[in-house]
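Remarks on the structure that follows.
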There are 2 protein chains.
Amino acid sequence: MNKAEILIIDDEPQIRKLLQINLESNDYKVVQASTGKEGLMLSASHPPDLILLDIGLPDKSGHEILQELREWYNRPIIILSVQDNETDIVSALDNGATDYLTKPFRTGELLARIRSAVKRSQNTENSPIISCGDIEIDLVARIVKRNNEAIKLTSTEYNLLALFAKNEGKVLTHQYLLKEIWGYSYQTETQYLRVFVGTLRKKIEENPNNPQHIITESGVGYRFQ
Amino acid sequence: MNKAEILIIDDEPQIRKLLQINLESNDYKVVQASTGKEGLMLSASHPPDLILLDIGLPDKSGHEILQELREWYNRPIIILSVQDNETDIVSALDNGATDYLTKPFRTGELLARIRSAVKRSQNTENSPIISCGDIEIDLVARIVKRNNEAIKLTSTEYNLLALFAKNEGKVLTHQYLLKEIWGYSYQTETQYLRVFVGTLRKKIEENPNNPQHIITESGVGYRFQ
DNA sequence: GGACATCTTTACAAAATCTTTATAACTGCA
DNA sequence: TGCAGTTATAAAGATTTTGTAAAGATGTCC
């Protein structure tokens, strides 16, 4: 199973270190940024599963970063702050923060709030297995089966298929798919999609030349059924 | 839009009263229960949009109530508690609580956390569907059905039909349609429209020679009904 | 360091879609 | 009826989009 990835945006090295140690020992992969700008770049080039954002950054206010992130990033953002005033908290929550903790925080509580947020964002109607015709996807174990036989997928292939399955029936645009899987800054790389849809079809379709699961919506995107 | 409904489960009347006043003045509908048992009954008979649950109840511990609720209730549950110990918080969050506030709480913060939770739980709701006789258009999934059977449309055909459907009954001029679908500089290309209305009629009309949905308004434009 | 899996990029063929042209059909009116 | 203006349909041509194979690049694990 792949580790969930967490991006820490905080200018204090000792806080970053503390978080890193705690998160890594709880089986998260950690990426760090010391400025808001760096955080925005990192999240755009490779979207993490959750962002821990310090409000008091040197270059830009955390509120600005939050707003910029929320223009496209829709996974959890937990705010960490020394500020314990209500205005800050309310404004952060209303601007799309998932949660708000004041420093010093209790590590156990932070971890629990991270677990809770990640679980909710993976939000699959509390059924961890998506079934769709002859395809079965176990979102917890990250295993895909076709006619009860396990299929070997690379990490990107799996992420793409899981995203499709979570949105069964809906047309997902190229832009959206690229943004979710590769990151905000990859929105124009539609050729990636063609290649990966191609390999996915070879693995999950009965007849890849006449796909029954991943349907092309020409000019728009793809649809999973 | 209907008011969101909030169920308060708390044994202290003065807290309930305080919450009630604050919530109602923020346009929520409020239902109250003074015991865990009553709360379970009320939520089962008429599920609210969000539950505020006090941990320290006289009959059953709030943790038990939480677990029982989570067996079937998947909208937000926010815990209110005088307990500020980490064990309680972690256990509540891991048992499916959406958030955890310690009393005394700040009203503005509670309201912001409620807004945040409600917003998040709502954006997984189903998509709006425009229905029009035997035609059904799902604007989010980008799917068109006739007599419950999916119809394959090209991107331009779909855009045109969606535009028609959003303006059901109104006459849309050639100019307007061309401007919306093709762009400002195509306003004189009425032949495009004829071609695409033609293919659309073939796909969605019972008898394309006697269209019932896309009606020609000679010299002006088209009307969808 | 080298074998291996995976991702990225390139090139080209195939398919789908859009645009244009030609022609037929309809409508209202003298 | 015949005419002018508008609309409908079919089909050829042009363009865009998609699919596939394969080579190059990158990273990982021993």
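Letters go in sequence order (proteins before strands), and every chain restarts at 1.
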side-chain N/O [X] vs [N] OP1/OP2, d < 4.0 Å:
X: B/T216; N: D/dA8; result: yes
X: A/R194; N: D/dG19; result: no
X: A/H174; N: D/dT17; result: no

What one should report as the nearest heavy-atom pair of A/Y158 and A/D138 is OH-O, 3.7 Å

- When the ring planes of A/H174 and A/Y222 are compared, do they come out parallel, tilted or perpendicular, using 30° and 60° as the limits?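 Perpendicular.
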
Readout for nucleotides 14-24 of chain C: B = base within 4.0 Å of protein heavy atom, S = sugar-phosphate only, - = neither; 5' to 3' it is --SSSSBBB--

Just how far, in rounded Å, is [atom2] of [N] from [atom1] of [X]?
X: A/L200; N: D/dG19; atom1: CG; atom2: C1'; value: 14 Å
X: A/R223; N: D/dT18; atom1: CZ; atom2: C1'; value: 16 Å
X: A/I215; N: D/dG19; atom1: CD1; atom2: P; value: 11 Å
X: A/L193; N: D/dT17; atom1: CG; atom2: C1'; value: 13 Å
X: B/K203; N: D/dT9; atom1: NZ; atom2: P; value: 15 Å
X: A/H46; N: D/dG27; atom1: NE2; atom2: P; value: 13 Å
X: B/R201; N: D/dT7; atom1: CZ; atom2: P; value: 11 Å
X: B/K202; N: D/dT7; atom1: NZ; atom2: P; value: 18 Å

Salt bridge between [X] and [Y], side-chain N to carboxylate O under 4.0 Å?
X: A/E5; Y: A/R75; result: no
X: A/E136; Y: A/R146; result: no
X: B/D99; Y: A/R113; result: yes

#### Entry: Derivation and outcome, side-chain hydrogen bond (donor to acceptor under 3.5 Å, both in side chains), residues A/Y184 and A/S43
CA-CA 8 Å; A/Y184 184 68; A/S43 53; over 6 Å; no

The residue among A/L153, A/V144, A/L161 that forms side-chain contact (heavy atoms from CB on, under 4.5 Å) with A/K203 is A/L153

